[in-house]
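Throughout, numbering of the chain's residues begins at 1 and tracks the sequence. Ligands are counted one by one from 1 in listed order, and the atoms in each one are counted from 1 as well.
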Amino acid sequence: MNDPKPFFWNGSYHVFFQHNPHGAFWGTMHWGHAVSRDLLHWEELPVALAPTPGGPDKDGCFTGCVVKGDEDRFHILYTGVDPQVQCLATSDDPNLIVWRKYEKNPVIGEKPAGFGACFRDPQAWKEADGTWLMVVGSELSDRRGGAALLYQSPDGRLTDWEFVHALFAGHEHETGFDFECPDFFPLGHGGWRVLLSSRNKTWWHAGDFDRENLAFERAAWGPTDGGGLFYAAKTLFDDQNRRLLFGWIREDRPENEQKAAGWSGVLSLPRVLSRLPDGALGQEPAREIETLRAARTTRPGVRVPGNGAGVPLGTFPDTLETQVRFAPNAPGERLGLRLEWTDGARLEIAHDRTANRLNDAPLTLAPGEPLTLRVFVDRSVVEVFANGRACQTLRVYPKPEALGRVTLALFAHGGSVTADADVWEMTAAPVERRRRKAAPLPAQPT
Ligand code: FRU
């Protein structure tokens with residue numbers, strides 16, 4: 001899988017995603033589909049969209065969005081290739097399993113003049129006054145930066161779209177040369193909105209949206225994750241007024257090993273987004289995840305020497321959650337948590353006080369603010385949340401004989417510190433498959 005496209009309706013969390021039914025490698029993009037009622041237990045449903053031979057999506061159904069139209073009608077806007085054009089599919093199925101492509105696809109057949117090659121990943125939404133708007137990911141000419149192109153559907157039927165202007169354009173040296181997978185949504189109160197874009201990392205841009213002039217003024221920006229392994233992230237809005245962010249966690253091992261494993265790419269844990277007082281993006285793991293907590297180990301007041309030697313917390317199954325709170329104002333330069341496997345594989349999650357970074361994510365602690373790490377290990381996937389606002393996704397591939405157990409240790413450089421730590425083993429939540437691997441793909445009318 002790559003590129004999740006999350007959508008909430010009627011008590012169910014749907015995640016559509018880029019999917020190649022022919023193997024664990026990128027190609028022949030279809031839309032896979034999974035559903036969950038609790039954000040933990042997922043059921044994989046039949047493929048939602050497949051390329052139509054001879055159609056505008058003959059070379060792939062790329063990323064897009066799912067939206068609810070009038071009554072109980074649902075729409076997918078997505079990119080057909082090649083060339084990149086925007087297409088529409090519709091469903092009256094309350095389970096969102098059966099989709100019908102619009103017979104006059106594409107709904108946008110050409111990119112506006114003056115922009116570069118990228119023209120994909122539409123994200124549509126309905127304003128409070130009923131106006132349908134949409135952004136499409138693009139780029140300025142000469143790779144100068146990404147651009148989110150704003151469109152409007154004059155009659156609200158989503159079959160005709162007029163180009164308005166570039167809602168926002170970034171700089172190549174800041175957020176990459178194009179904007180893949182844009183998302184645009186309100187967050188908190190007032191006119192505050194967040195634009196997401198992906199290139200190298202998934203970035204957030206936050207600011208005020210002037211509804212009248214359809215203008216977005218960016219006031220703050222940053223990465224949603226320190227690394228590029230969390231990518232193409234997009235959101236849904238649920239019935240608890242939560243804006244939840246889901247990312248594609250990429251592999252970090254050679255393609256032949258991915259193919260041999262038979263799987264590639266996973267869905268991240270859902271992150272609850274918020275607007276922080278300084279305008280930055282707050283990110284916390286959805287609280288549902290805590291219901292998977294099993295056996296707990298508590299280590300209060302651990303004394304961590306400042307010489308870098310780790311203090312072990314213990315050896316645990318490699319499906320766990322840990323929460324570590326370091327005492328505030330630690331004198332050291334670098335401190336954090338080390339994960340070690342018996343074959344020598346090792347990860348460090350470290351806050352650097354001089355660089356103000358948690359691994360590769362910016363994190364400046366206020367005076368007196370303790371460093372608080374929440375780390376989820378699910379075998380090769382490690383997801384780190386720090387202080388409600390910095391995240392770092394990591395991958396690790398220990399040798400088969402080293403799988404299953406991981407040793408956790410706290411460490412500090414340049415000054416000792418105390419920490420309180422909790423570790424929970426996590427209960428498994430396996431994915432159910434309603435679609436058998438060899439099942440034929442559904443025929444798709446043009
Ligand atoms: C991002 C992306 C999208 C595109 C899709 C194709 O990972 O490149 O821009 O629609 O993947 O699978």
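Residues with a heavy atom under 4.0 Å from ligand 1: N2, D3, Q18, W26, M29, F62, T63, R120, D121, E180, C181, Y231, W248.
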Under 3.5 Å, which donor-acceptor pairs do the side chains of residues 140-148 form with other protein atoms, sequence neighbours left out?
from, atom 1, to, atom 2, distance (Å)
S141, OG, R144, NH2, 3.0
R144, NE, S141, O, 3.1

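Ion pairing between R199 and D178 holds under the 4.0 Å rule for side-chain N and carboxylate O. Ion pairing between R211 and D129 holds under the 4.0 Å rule for side-chain N and carboxylate O.
Ring to ring, W125 and F185 are not that close: their centroids are 6.0 angstrom or more apart.
Residues E432 and E44 form no side-chain contact, since every pair of their non-hydrogen atoms from C-beta on lies 4.5 Å or further apart.
Around NE2 of H173, the count of heavy atoms belonging to other residues, nucleotides or ligands within 6.0 Å exceeds 12.
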